[in-house]
Peer 1: 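Okay, here's the structure, questions in a sec.
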Amino acid sequence: MKVLHLEENHPALIEGLEALGFQNDLAFEDSLEEIMVKVDQYDGLIIRSKYPIDETFLACAKGLKFIARLGAGIENIDVPAVESRNILLVNAPEGNRNAVGEQALGMLLALMNRLKSGHNSVKSGEWDREGHRGWELSGRTVGIIGYGHTGKSFARKISGFDVRTLCYDILENIGDDYAQQVNLETLQSLSEVISLHIPQTDLTKGIINKEFIDAMSHPFWLVNTARGSAVVTQDLVEGLQSQKIMGAGLDVLEYETLSFSSIFNQEILPPALQYLMEAEHVLLSPHVAGWTQESHLKLATTIIEKLKKIFS
């Protein structure tokens with residue numbers, strides 16, 4: 001079978017597919033229009049998030065048998081349209097769950113210990129110990145929204161601290177030894193930390209908004225390694241300014257392009273984004289929570305193993 005790769009991935013992916021008997025063609029530099037002209041020649045498609053796989057695209061992909069997404073999110077894929085054509089869809093949330101869990105914990109500890117402002121203070125020639133007194137994670141209640149692969153990974157990471165961990169998810173009975181499943185109201189009444197591990201869906205867009213922030217009983221730290229669309233940035237900024245939100249660690253932002261390649265796609269930055277870039281109690285990273293050297297390989301091998309079970 002012939003497979004078309006739309007974006008570059010770990011070399012182990014091509015090697016593994018070749019071992020399974022697939023012919024691999026690369027289209028890293030091709031435009032969407034160029035891809036759509038030739039996609040009907042292929043049985044499989046290897047993608048990340050660069051292009052939308054929608055009805056228009058699928059109408060051109062008449063021979064497609066499977067789509068493999070290197071990562072967890074599938075918001076760029078019209079899943080009902082794929083399923084209606086009996087095209088197999090596989091993704092790899094297992095491949096970067098450890099990386100995301102580690103980054104979420106790292107961001108949280110850096111925020112609570114005020115490492116960013118302390119670093120900048122020393123760089124500027126100051127030695128202000130009292131001004132950078134931080135907070136401890138131990139003894140706090142941590143709320144996880146979305147208890148899938150990455151949410152569970154984060155829960156395992158923080159289990160070494162003396163914390164109470166709660167989780168909220170639309171699926172029932174998925175709590176475990178690392179997190180007690182509760183309803184959203186209970187999570188909001190008890191949590192001092194909120195960490196997001198949710199996909200991008202109509203239900204999750206803007207879930208962290210003014211109403212959510214106001215409903216939190218305690219001032220809290222927010223970590224988002226999921227999707228930028230989950231947070232209403234202006235409401236987040238107001239929460240930070242009022243100190244209802246003690247600090248925010250954001251690996252993702254609502255201003256990202258569809259391919260997650262940049263937030264700097266407009267000449268004048270929105271004021272809310274400008275605030276986040278300048279605030280001392282905000283940590284930003286360029287959508288790299290699942291983007292480690294190790295996860296690069298794990299994502300590839302996860303897809304290979306899944307396709308091996310299907311086509312061997």
Side-chain angles (χ1 to χ4, degrees), residues 1-102 148-150 152-153 197 199-200 258-261 287-312:
M1 292 200 295
K2 295 177 64 178
V3 179
L4 186 64
H5 297 248
L6 302 193
E7 296 172 80
E8 191 171 0
N9 292 292
H10 195 283
L13 179 62
I14 291 178
E15 294 169 7
L17 291 175
E18 287 177 347
L20 292 176
F22 292 101
Q23 174 188 322
N24 295 279
D25 291 343
L26 311 181
F28 302 159
E29 304 300 325
D30 291 9
S31 67
L32 180 59
E33 291 73 20
E34 291 170 325
I35 292 167
M36 290 172 66
V37 168
K38 62 184 178 182
V39 70
D40 64 334
Q41 305 170 30
Y42 292 91
D43 304 283
L45 198 63
I46 305 293
I47 67 169
R48 293 206 310 264
S49 55
K50 187 176 181 180
Y51 295 123
I53 309 302
D54 54 16
E55 280 279 5
T56 302
F57 184 96
L58 292 169
C60 300
K62 297 180 174 61
L64 211 56
K65 297 180 177 62
F66 75 87
I67 298 172
R69 161 72 163 100
L70 271 288
I74 53 175
E75 63 267 20
N76 61 314
I77 303 170
D78 186 337
V79 176
V82 169
E83 292 176 343
S84 71
R85 290 170 168 80
N86 295 316
I87 299 170
L88 292 170
L89 175 60
V90 295
N91 63 341
E94 308 91 336
N96 61 7
R97 60 187 171 189
N98 184 70
V100 173
E102 288 191 5
H149 286 282
T150 64
K152 289 177 184 291
S153 174
H197 299 272
Q200 180 172 304
L258 179 64
S259 62
F260 310 135
S261 60
H287 204 135
V288 293
W291 203 252
T292 62
Q293 300 294 334
E294 292 83 0
S295 70
H296 193 31
L297 174 59
K298 288 178 186 177
L299 288 166
T301 55
T302 297
I303 290 296
I304 292 166
E305 289 303 312
K306 289 186 175 183
L307 293 178
K308 185 177 181 179
K309 291 178 180 179
I310 295 169
F311 293 107
S312 293

Peer 1: Can you measure from CG (Leu13) to CD (Glu8) and round to the nearest 0.5 angstrom?
Peer 2: 11.0 Å
Peer 1: Hey, could you give me the NE2/OG distance between His287 and Ser49, rounded to the nearest 0.5 Å?
Peer 2: 7.0 Å
Peer 1: Partners of Glu7 by salt bridge (charged side-chain N to carboxylate O under 4.0 Å, His left out), sequence neighbours excluded?
Peer 2: Arg48
Peer 1: Taking side-chain hydrogen bond (donor to acceptor under 3.5 Å, both in side chains) as the definition, give me every residue that meets it alongside Ser295, ordered by chain and number, with sequence neighbours left out.
Peer 2: Thr292
Peer 1: How far does CD1 of Ile14 sit from CD1 of Ile304, to the nearest 0.5 angstrom?
Peer 2: 10.0 Å
Peer 1: Using a 4.5 Å cut-off on heavy atoms from C-beta on, say whether the side chain of Asn9 contacts that of Leu299.
Peer 2: no
Peer 1: For residues 67-97, pull every pair meeting ring pair (Phe, Tyr, Trp, His ring centres under 6.0 Å), keeping only residues two or more places apart or in separate chains.
Peer 2: none
Peer 1: Taking side chain to side chain donor-acceptor pair (under 3.5 Å) as the cut-off, I'd like each qualifying pair that reaches into residues 301-311, sequence neighbours left out, listed once.
Peer 2: Glu94-Lys306
Peer 1: Contact between Arg97 and Lys152 at the side-chain level, heavy atoms closer than 4.5 Å - yes or no?
Peer 2: no
Peer 1: Among pairs that include at least one residue of residues 79-90, which meet side chain to side chain donor-acceptor pair (under 3.5 Å), considering only residues two or more places apart or in two chains?
Peer 2: Glu55-Arg85
Peer 1: So, using side-chain hydrogen bond (donor to acceptor under 3.5 Å, both in side chains) as the criterion, who are the partners of Glu34 when residues are at least two apart?
Peer 2: Ser31
Peer 1: What's the shortest heavy-atom distance between Ile303 and Ala68, and which atoms?
Peer 2: CG2-CB, 3.8 Å
Peer 1: Could you pull out all residues at least two apart from Val288 that satisfy side-chain contact (heavy atoms from CB on, under 4.5 Å)?
Peer 2: Gln103, Asp251, Ser285, Pro286, Trp291
Peer 1: Check the pair Ile46, Leu17 against side-chain contact (heavy atoms from CB on, under 4.5 Å), reporting the backbone distance first and the verdict last.
Peer 2: CA-CA 11 Å; Ile46 305 293; Leu17 291 175; 4.3 Å; yes
Peer 1: Any donor and acceptor pair, going by atom type alone, linking the side chain of Lys50 with main-chain N or O of Phe28 inside 3.5 Å?
Peer 2: yes
Peer 1: With rounding to the nearest 0.5 Å, note down the distance linking CG in Leu64 to CD1 in Ile53.
Peer 2: 8.5 Å
Peer 1: Are Asn98 and Glu102 packed together at the side-chain level, in the sense that at least one heavy-atom pair is separated by less than 4.5 angstrom?
Peer 2: yes
Peer 1: I'd like to know if the side chain of Asn91 and the backbone of Ala72 have a donor-acceptor N/O pair within less than 3.5 Å.
Peer 2: yes
Peer 1: Which residue pairs satisfy the salt bridge (Lys or Arg N to Asp or Glu O under 4.0 Å) criterion with at least one member in residues 62-81, sequence neighbours excluded?
Peer 2: Asp43-Lys65, Glu75-Arg227
Peer 1: Does any part of the side chain of Ile47, heavy atoms only, come nearer than 4.5 Å to the side chain of Ile77, both counted from C-beta?
Peer 2: yes
Peer 1: Looking only at non-hydrogen atoms, find the nearest pair between Cys60 and Asp40 and report the distance.
Peer 2: O-CB, 3.1 Å
Peer 1: On a heavy-atom basis, which atom in Leu4 and which in Ala27 lie closest, and how many Å separate them?
Peer 2: CD1-CB, 3.8 Å
Peer 1: Could you tell me which residues satisfy salt bridge (charged side-chain N to carboxylate O under 4.0 Å, His left out) with Asp25, sequence neighbours excluded, listed by chain and number?
Peer 2: none
Peer 1: When rounded to the nearest 0.5 angstrom, what is the spacing between CE in Met36 and CG in Leu58?
Peer 2: 9.0 Å
Peer 1: Working to the nearest 0.5 angstrom, can you tell me the gap between Leu20 CG and Leu307 CG?
Peer 2: 7.5 Å
Peer 1: In chain order, what residues pass the ring pair (Phe, Tyr, Trp, His ring centres under 6.0 Å) check against His5, with sequence neighbours excluded?
Peer 2: none
Peer 1: Using ring pair (Phe, Tyr, Trp, His ring centres under 6.0 Å) as the criterion, list what pairs up with His296, not counting sequence neighbours.
Peer 2: His10
Peer 1: Sorted by first residue and then second, give each ring pair (Phe, Tyr, Trp, His ring centres under 6.0 Å) pair with at least one member in residues 48-68; sequence neighbours left out.
Peer 2: Phe22-Phe66, Phe66-Phe311
